[in-house]
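The structure appears right after this line, and notes come after that.
Numbers here simply count residues along the sequence, with the first being 1. Atoms within each ligand, like the ligands themselves, are counted from 1 in listed order.
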Amino acid sequence: MARFFHAMEKCFAVFPRYGKMFSIVWKTAAGLIAAFLILVFALVCLHAPAGRDATLAGETMGTAYSIRIAHAALNESELNDLHKEIRQWLANINWEFSAYLPDSKLSRFNRAGAGEPVDISPDFQRVVRRALEIAAATGGAFDPTVGALVNLWGFGPDGRRREPPSPDSLAAAREKTGWRHLALTADGFLVKDIPALQLDLGAIAKGFGVDKIAELLRDRGVANFLVEIGGETRAKGYNVHGQPWRVGVLRPDYAPAAPVLQGVARLAGGRAIATSGDYRNFFRGENGAVETHIIDPRTAAPARHATASVSVLANDCLTADALATALFVLGPDEGLPLLATRFPGSEALFLLRAADGRFTEAPSPGWAAKTRYRPAGAD
Ligand code: AMP
Ligand code: MG
């Protein structure tokens, strides 16, 4: 470059008229480049998100929640008010859906008689309506009336157990289940046609809580957030670095000294990811076999197969949560075809436990592209 200018200088010394022309062209070009750079800088500044970054955290539904907010146009006191409102919503949800609170709406319905309509809130109606749709679409693999079996196996409010229940008690509990015994009337009442039917919304309530908080944040004009309750997540916009939110998929080890990531997914566009697995809530039954808290309604026993966990991507967290439970019951051979035909747009990643204790991944065809999933450590 220096040589080029040196040559040009020499040339202009011989032809001064061309030297003046070169100087004009050069100055104009330099001016245009400077103007362009200023414009680019201004555009970057305009688009660079400004505002408050925050994390709101606490406990709900027997687990932890965290809400990460990026670049929100909220001051400290507005943020505190928002958190107060969220805590109130979560308390309401618990008050409606908890099987552990004897006076919750759900517990009162469980004590109601056959044919006795129980008045439920619009939110409760929304959850039950979707639960029944997903029960029908999954052939009953997801069943919100599985409560008696969940209890019998020691995963409900009646407390833990160490060994499998007797065949007689299993047969009796089975008689008390079945989503077809549950109905939502046109005017929003909930009814059952067998008195002992026990509603259990444990596989869907966290997802609903996440959706509810996401709706609240959107109503308050928060454009960038990641909401998480006990591992069920929903994200919108971008994180504090202006990147899509990242959600870790845990390696489903039974008793890790510390949680280890299997991979990382990107979550945006208001979508949700929920995970169900056998590695958190289980006991060891005969011959040390793992008995997990997810019941296969077809066998009335904990789902037992190579699936260690399944993560589901869906447009809302209520659906992702219910589908994760259903797909855990079904396993990849039945679950992946069902997902493709009945839930187009949703994706899943199964982690399967191999004989040597390692995990293999069985994703649906669109999982990697839609979540930009990468194995842990690959970034
Ligand atoms: P999740 O961790 O979301 O898969 O939910 C598991 C919880 O849902 C269990 O602790 C039970 O309360 C309940 N549950 C167990 N099996 C089923 C099932 N097949 N369908 C619906 N809910 C279930
Ligand atoms: Mg679930």
Discussion item. With heavy-atom distances below 4.0 Å as the criterion, list the atoms of ligand 1 near P297.
Written reply: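 So the answer, numbered in order with elements, is 19 (N).
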| request: Below 4.0 angstrom from a heavy atom of D143, which ligand 1 atoms are there? Numbered from 1 as shown, please. | output: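 Contacts of ligand 1 toward D143, numbered from 1: 18 (C), 20 (N), 21 (C), 22 (N).
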Side chain or backbone, does [X] bring an N or O within less than 3.5 Å of an N or O on ligand 1?
| X | value |
| --- | --- |
| D321 | yes |
| V146 | no |
| S276 | yes |

| task | Please confirm if an N, O or S atom belonging to T325, backbone or side chain, lies less than 2.8 Å from the Mg ion (ligand 2). | result |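 It does; at least one qualifying atom falls short of 2.8 Å.
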message = Let me check your reading of the structure: within less than 2.8 Å of the Mg ion (ligand 2), is there an N/O/S atom from A324?
response =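 Looking at A324, which is the residue asked about, there is no N, O or S atom under 2.8 Å from the Mg ion (ligand 2).
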Subject >> Salt bridge present between E361 and R353 (N-O < 4.0 angstrom) >> reply: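 No, no charged N to carboxylate O under 4.0 Å.
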Provide, to 0.1 Å, the distance between [atom] and the closest protein heavy atom, together with that atom's residue and name.
| atom | value |
| --- | --- |
| atom 6 (C) of ligand 1 | H293 CE1, 3.5 Å |
| atom 11 (C) of ligand 1 | D200 OD2, 3.5 Å |
| atom 16 (N) of ligand 1 | I295 N, 3.0 Å |

For the Mg ion (ligand 2), find the closest N/O/S atom belonging to D321 and write down its atom name.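 Distance check against the Mg ion (ligand 2) picks out OD1 in D321.
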Would K192 and F109 count as a cation-pi pair here, with the cationic atom under 6.0 angstrom from the ring centre and within 45° of the axis?
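Here K192 passes the 6.0 Å and 45° test against F109.
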Do we see a donor-acceptor contact under 3.5 Å between the side chains of S121 and D123?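 Checked: S121/D123 side chains show no N/O donor-acceptor pair below 3.5 Å.
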- Item | Under-4.0 Å heavy-atom contact with ligand 1, by part of V150 that carries it |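 Under 4.0 Å from ligand 1, V150 contributes side-chain atoms alone.
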Rounded distance [0.5 Å steps], CG in D333 versus OG1 in T307
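Answer rounded to 0.5 Å: 8.5 Å.
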So with a 6.0 Å cut-off around [atom1] of [X], is the heavy-atom count from everything else above 12?
| X | atom1 | result |
| --- | --- | --- |
| F359 | CZ | yes |
| R108 | CZ | yes |
| R220 | CZ | yes |

(message) As a check for students: among A141, P157, A203, identify the option with a heavy atom nearest to atom 18 (C) of ligand 1.
(response)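 Among A141, P157, A203, the closest heavy atom to atom 18 (C) of ligand 1 belongs to A141.
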**Prompt:** Mind checking whether Y373 and W367 have parallel, tilted or perpendicular rings, split at 30° and 60°?
**Reply:**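 Tilted: the ring planes of Y373 and W367 meet at 30° to 60°.
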**Report entry** Pair F282 + F155: ring centers closer than 6.0 Å
**Finding:**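 F282 vs F155: aromatic centres not under 6.0 Å.
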Please determine whether any non-hydrogen atom of F142 lies less than 4.0 Å from an atom of ligand 1.
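Right, F142 reaches ligand 1.
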